[in-house]
Engineer: 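Have a look at the structure that comes next, please.
Just so it is clear, the structure is predicted and the values come from calculations on it, not from any experiment.
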Amino acid sequence: MKIIIHGGFFSESSTNHETKVAKQEALLRIVRDSYDYLKTHTAVETVVYAVSLLEDDALFNAGIGSQIQGDGKIRMSASLMDGTTQKFSGVINIEEVKNPIQVAEVLMNVDDRVLGGSGATNFARQHGFEKCSTEIPQRRSEYEAKLASLGTGTVGCVALDANGNLAAATSTGGKGFEIPGRISDSATVAGNYVNQFCGVSLTGVGEDIVSGAVAAKIVTRVTDGFTLERAFEKTFAELKPYDGFAGAIAIDKEGNMFHQDSHPSMVFASFDGKKEEVFG
C-alpha cells in the first residue's frame, strides 16, 4: 500500500517560515491519516478521503481555501478516476459546496459523469450536499487588495491499495481573479489520470498542464513500458519550450512513487507505512 498527496506550490518569496512549517505538518498529518484509512478501504475511497481532508484545510487552495474569481465568486473543480474501471468523473466550476471531490464521487455512478457550472451545483443539492460558503476572510482580503495568494495551486492524491488497485483525485479552488467560466486542468485527464499501470495528479498552471496533456502522457508512457522516472523526464522536457508550470505526483503498479516540478516548489507528502517524505 502506498499513498502520495500534494497541496499546490510553495514560494519562498511570498510565504513565511511559519506557513511552510504549517503546511509540512498538515501534509504529514493528512498523509498518515489517509494511509491508516487505506488499510481498510479501496484506493478510490482513500483518494476521496485524502482530498476531502485537504479541501477542509484553509492552508490549501481547494474547498475552504479556494480562490475568488474576477467577479467576486468562488467556483471550484475536482475530479476522480478509478484505475481499475477506467471511469473518470468530475465537477467544473461548482459553487458553495464544501467538498467538491465528494460530488465527483457520487457522479461515478451516473451516466453523465462530468458536470459544470449550475448543473454541477444543482446535482450536488439534489444529492444532499448542503449549501456552504467556502469563502474565508483571508481570501476576501486578498481579493480586495489584489494580492498574491499564500496558498495557490491545487490538491491531489494518488493511492495504491492492498489489492493492487490505483486511483487518483484532484481538487482546486482556481488561480484567483480569473475570468468566470475559465476551465482548469483539475477536472480533465491532463491533470488527473490513472489506469492499472500508473496514477498521476497535477498542480500548477492549468493552461500549461492542458497544453502538455501531462497526466495522460505520463500514464500512457508508463503503460507502454517507460519507468516512472523516465516517463516524468520525457513529459516534463516537453513543457520546456513554453516554460510550462507544473508539478506532479504519481504511483505505478509496482508501488514506485515519484514527484517532480518544473518550477520550485511543489508541496507534497508520501507514506508507505514505514517511510514518510515531505517537501522542504
Engineer: Pairing donors with acceptors under 3.5 angstrom, does anything connect the side chains of S201 and T170?
Structural biologist: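 Yes, T170 and S201 have a side-chain donor paired with an acceptor closer than 3.5 Å.
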Engineer: Please list, one pair per line, the donor and acceptor atoms closer than 3.5 Å that link side chains of residues 240-250 to other protein atoms, with sequence neighbours excluded.
Structural biologist:
residue : atom : partner : partner atom : Å
Y242    : OH   : D208    : O            : 3.1
Y242    : OH   : G212    : N            : 3.2
D243    : OD1  : H263    : NE2          : 3.1

Engineer: Do any N or O atoms from the side chain of H127 and from the backbone of V103 form a donor-acceptor pair under 3.5 angstrom?
Structural biologist: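 Looks like no, no N/O pair under 3.5 Å.
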Engineer: Residues in side-chain hydrogen bond (donor to acceptor under 3.5 Å, both in side chains) with K2, at least two apart?
Structural biologist: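 Applying side-chain hydrogen bond (donor to acceptor under 3.5 Å, both in side chains) to K2 gives none.
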Engineer: Salt bridge check: are E130 and R125 linked by an N-O gap of less than 4.0 Å?
Structural biologist: no
Engineer: Looking at E178 and R75, does any basic side-chain N land under 4.0 Å from a carboxylate oxygen?
Structural biologist: no
Engineer: For the pair E276 and R32, find out whether any cationic side-chain nitrogen is under 4.0 Å from an anionic carboxylate oxygen.
Structural biologist: yes
Engineer: Is the closest side-chain donor-acceptor distance between S186 and N192 under 3.5 Å?
Structural biologist: no
Engineer: Sequence neighbours excluded and cut-off under 3.5 Å, please list the side-chain donor-acceptor pairs for residues 104-116, or say none.
Structural biologist:
residue : atom : partner : partner atom : Å
R113    : NE   : F88     : O            : 3.3

Engineer: Quick one: do K39 and D36 make a salt bridge, cutoff under 4.0 Å?
Structural biologist: yes
Engineer: Applying the side-chain hydrogen bond (donor to acceptor under 3.5 Å, both in side chains) test to T235, which of K217, Q260, R221 qualifies?
Structural biologist: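 Exactly one pass, corresponding to R221.
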Engineer: Aromatic rings Y49 and Y37: how do their planes relate, parallel, tilted or perpendicular, breaks at 30° and 60°?
Structural biologist: parallel
Engineer: One thing to verify: whether D57 and R29 come together as a salt bridge, which I'm taking to mean a side-chain N less than 4.0 angstrom from a carboxylate O.
Structural biologist: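 Here R29 pairs with D57 in a salt bridge, since their nearest N and O are under 4.0 Å apart.
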Engineer: If you apply the rule side chain to side chain donor-acceptor pair (under 3.5 Å), what do you find for T84 with Q196, and how did you get there?
Structural biologist: CA-CA 6 Å; T84 302; Q196 65 268 41; over 6 Å; no
Engineer: Just checking, any donor-acceptor pair under 3.5 angstrom between side chains of D161 and T42?
Structural biologist: no
